[in-house]
Amino acid sequence: MAPDVRPDAESASGVPPHRYTAALAGAIERRWQDRWEAADTFAVPNPPPAPAGEKFYLMDMFPYPSGSGLHVGHPLGFIGTDVLGRYLRMTGRTVLHTMGFDAFGLPAEQYAVQTGTHPRTTTEANIARYRQQIRQLGLAHDQHRSVSTTDIDFYRWTQWIFLQIHGAWYDAEADRARPITELEEELAAGIRALPDGRDWATLSRPEQDRVLDDHRLAYLADAPVNWCPALGTVLSNEEVTADGRSERGNFPVFRRNLRQWMMRITSYADRLADDLDGIDWPDSVKAMQRNWIGRSQGAQVRFASDAGDIEVFTTRPDTLFGATYLVLAPEHPMVDALVPAAWPSPPTGEELDGRWTGGADTPADAVAQYRSVVASRSDLERQEARDKTGVFAGAWATNPVNGEALPVFVADYVLMGYGTGAIMAVPGQDQRDWDFATVFGLPIRRTVQPPEDFDGEAYVGAGVAINSANDEVSLNGLDVDAAKTAIVAWLAARGAGESVVQYKLRDWLFSRQRYWGEPFPVAYVAEGETDGGPSIPRALPDADLPVLLPDVEDYSPKSFAPDDRDSSPESPLARATEWVAFEADLASDPEHGWTEYLRETNTMPQWAGSCWYYLRYLDPHNTERFVDPDVERYWLGPQGPGDPGGVDLYVGGVEHAVLHLLYARFWHKVLFDLGHVSSSEPFRRLFNQGYVQAWAYTDARGVYVPAEEVAGDAASGFTWNGESVRQEYGKMGKSLRNVVTPDEMCDAYGADTFRLYEMSTGPMEASRPWSTRDVVGSHRFLQRVWRLVIDEQTGDLRVADTEPDRDTLTALHRAIDGVRTDLPAMHYNTAVAKLIELANHLTKTYPSGGTPRSVLEPLVLMLAPLCPHLAEELWSRLGHPDTLAFAPFPEADPALLVEDSTEYPIQVNGKVRSRITVPAAAGEDEVRTAALADPKVAELLAGAEPRKVIVVPGRLVNVVR
RNA sequence: GCCCCCGUAGCCCAAUCGGCAGAGGCAGCGGACUCAAAAUCCGUCCGGUGUGGGUUCGAGUCCCACCGGGGGCACCA
């Protein structure tokens, strides 16, 4: 069939009319793409059609549809998942695979600011282009399930989920989130007491609301946040780089106290860390998440001072007897209360060390000076210059274990953001403290016995405690763990401390001063709260969702000079005054007659939509719920005891190891706790594909030149326009001028060749360089397969209905066996090698055509996951009217995998000296006998009895002389 | 500085449990086809696995040290 698919006459000059050329491939590909679309081949309805195979939910990390479109690196993962999905479909699995778009975000908004084009217009145009680029790759997606986070029907549910989180609190005893209404009931009924001891019934309504707000998983807080004046927005910790700049744009970021939406992800710190054990993720990603959560077991210890107890966090309470001073972070709230009016005399009666005062007249001056020096240092400077600086606060605190008066310092090597913002310094066992003590002339006392040969400074290793006893307790002789246990018990009994767990994880800053994001579905009373206190956000009722973005004239947030640290954020939505103010009758305010409300003018961060899109794929058109519970249970539910459930395979780049994947896990667990989903983790298995990288070239001035115009090679040197250029290696991108697009590859070779090339250059997890000139190898292979089936001159079949010879049969079944192992393991490069090997065997064995149909058909089926258009075309020409998308994948016959005889290399003392061939059925003894009988071996043994003969069945024989 | 991953042919990459270093592709070289070239086809060269030790009958594979590359974290008490 299909005589309509022919290359045009012009291109046929010298080329056989039915050769598999780019033009022919393109025609075939368009035809099958149309046919799949018309037949809706890859749609999977809910519930799946009977008889349904075992389900498999396969997912890619959805792309942000940027204006520049795809380059050849982007689809690597998409093609990889498509190959797997197509393979699984052919083995009877019911595969759900689609592709959506993460479409809120900065670029469309920035473009809108520049041109006045509505971000939705830009976004939708970009999505259309992405869809077209993805379609030409022949990916077997269920188009009905594709969603974009900017779809109103989608973000309506993003808002709904926000309200679920806002309407929940974390019950630490039950270790799960519960509806806030249950907290309110328990407080009202007196089952649960207020943390500060007040009586619920005596509180005013606004006071009660504020108590509830203090427990909500989404809450407003005056918190130190990352303010980026140049971007005009605040950023989450995860969006700030280690050197204190914005991940996007690399602008300075300042810490400021601002009232912002936060998500109480810290409540889930333990579960987010512990549950990593139950999911099949790369160890590196698990390690990064654990590191980010940063759980550490330690103790909180109170040191009495004139200004009250100073609480410190330490992971080494066993070293408490070695503490010789305390340090507070410069921002620590107790600093001001501690600082006396004048420099005091030390309790020892000696002179105050001149290094401690920083040359200031009073402690207050010293602290103020130090703080201003610290504030002027960027985070980067702070990190590069690790020299210890600080100043004496003019006060002493008492060590609870021995009553010693310890001087209190203010120093920036202690961070306010971790622990309590205060430490006990133990120079004997901590190198940072050692360094500081050395600079300031503070005493150093070892309390852990270092090994004999230890010649370092602070000793941080294991050992027994020394110098650690008071009248009531002695740690001396105990190892570190036993000493910790003993001293914490002693501290707890005295009320001077207790065991605590600390986390590096902070709550998640969840608001942005941007236009192109989801509006918050909350409102504030326009005239303010009755008690004049801070505004209380009120959840809008479900019937009021979605809260649509208003049309505005100016999409830009107010931005500032990058280093203007004192500026404040101002959202573009705040200017849409007719949208901000609205009238409502909110049932949540039953006692009031308010009708005038103000909307929240911040929007959600881009992560919001990606936190749950995998749930919407399951049930994208549901108007009643974000996902139907039965549908969720079918696709995501736990598959057995101990299984958390979740997407069966999630493929994407490792760059999302912390941000997206941690946020999504957090949301999913909230939804799980509230009973909205049956799975406790979103992604059962995660796989990080590598990146496609590319060579780039710079001229003498260091300017990038177009890589495609560069000639030469590594040996002879590279040139561009006759000028010598330098080669470097990096990401593919516009700035390096080395972009290659899938469109170019489809034009030059066809999508199947492109897919095959991407899959054959290396294992999925490996990054590899793009090399356009290597693509021809994949193309030649497909031409060879085509030629095995189709006569290039006539277009007729070259297939014979004869039986293959035994060698061919063995080659076929070996290939089947290998491909069946490689494809599900995503070892596509080796699967491709095995198919090429088989095709080469057939080309050699049947040089003039007449290849047996019983070999070609399995070859075509095996090629189908990788090169679906070509395979469909050949399958159809071989006389099969239906798509091969659901054709059974070939199975290997074990009987045909073994050969009649086996060749054994014979080693003598580990070196191969001879070879023997024995029947495959030969036992170990027969092989040994045959090996020793070999003349070459006999000669080497020279009549001596071998010390040992090792026979590895099927592998080799090693004779040890 | 700490942690993780990776070093196999000119290049991209294979090699179950430790068992003959080579599956596949590119490039190169030789040839066929062609008036010629391109395209296509056939054939073919190339290394002993980053370096040095160790374990073993046997090491690309396991252990130790070092060198090189990539990634993550980084004053987290």
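Every chain is numbered from 1, with letters handed out A, B, ... down the list of sequences.
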Under 4.0 Å between any heavy atoms, over every strand shown, what does Thr821(A) touch: base, sugar-phosphate, or nothing? Just pick one.
->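 Here Thr821(A) touches no strand at all.
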
How is Thr315(A) classified with respect to the nucleic acid when contacts are heavy atoms under 4.0 Å: base, sugar-phosphate, or nothing?
->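 Sugar-phosphate, backbone atoms only, no base.
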
Can you name the atoms? Protein N/O to nucleotides 24-30 of chain B N/O, anything below 3.5 Å, with the distance.
residue : atom : partner   : partner atom : Å
rC26(B) : OP1  : Arg780(A) : NH1          : 2.5
rC26(B) : O2'  : Asp774(A) : OD1          : 2.4

In 5'-to-3' order, the base (B), backbone-only (S) or no-contact (-) status of each nucleotide in nucleotides 17-22 of chain B, using a 4.0 angstrom heavy-atom cut-off, is --BB--

Report all interatomic pairs (protein N or O, nucleotide N or O of nucleotides 34-37 of chain B) with separations under 3.5 Å.
none

Distance between the [atom1] atoms of [N] and [M], in whole angstroms?
N	M	atom1	answer
rG19(B)	rG58(B)	P	14 Å
rC26(B)	rA65(B)	C1'	37 Å
rC11(B)	rC63(B)	C1'	32 Å

Is Arg290(A) salt-bridged to Asp283(A), cutoff N-O under 4.0 Å?
->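 Here Arg290(A) does not pair with Asp283(A) in a salt bridge, since their nearest N and O are not under 4.0 Å apart.
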
Is the centre of the Tyr325(A) ring less than 6.0 Å from the centre of the Phe436(A) ring?
->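 Ring-ring flag for Tyr325(A)/Phe436(A): true, centres closer than 6.0 Å.
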
Establish, yes or no, whether a centroid distance under 6.0 Å links the rings of Tyr459(A) and Trp434(A).
->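 When the ring centroids of Tyr459(A) and Trp434(A) are compared, they turn out to be at least 6.0 Å apart.
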
For the base of rC42(B), is there a side-chain donor-acceptor partner from Lys844(A) under 3.5 Å away?
->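 Flag unset: no donor-acceptor pair detected.
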
Could you point out which residue of Asp387(A), Asp433(A), Asp435(A) forms a side-chain hydrogen bond (donor to acceptor under 3.5 Å, both in side chains) with Tyr413(A)?
->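 Output: one option passes, namely Asp433(A).
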
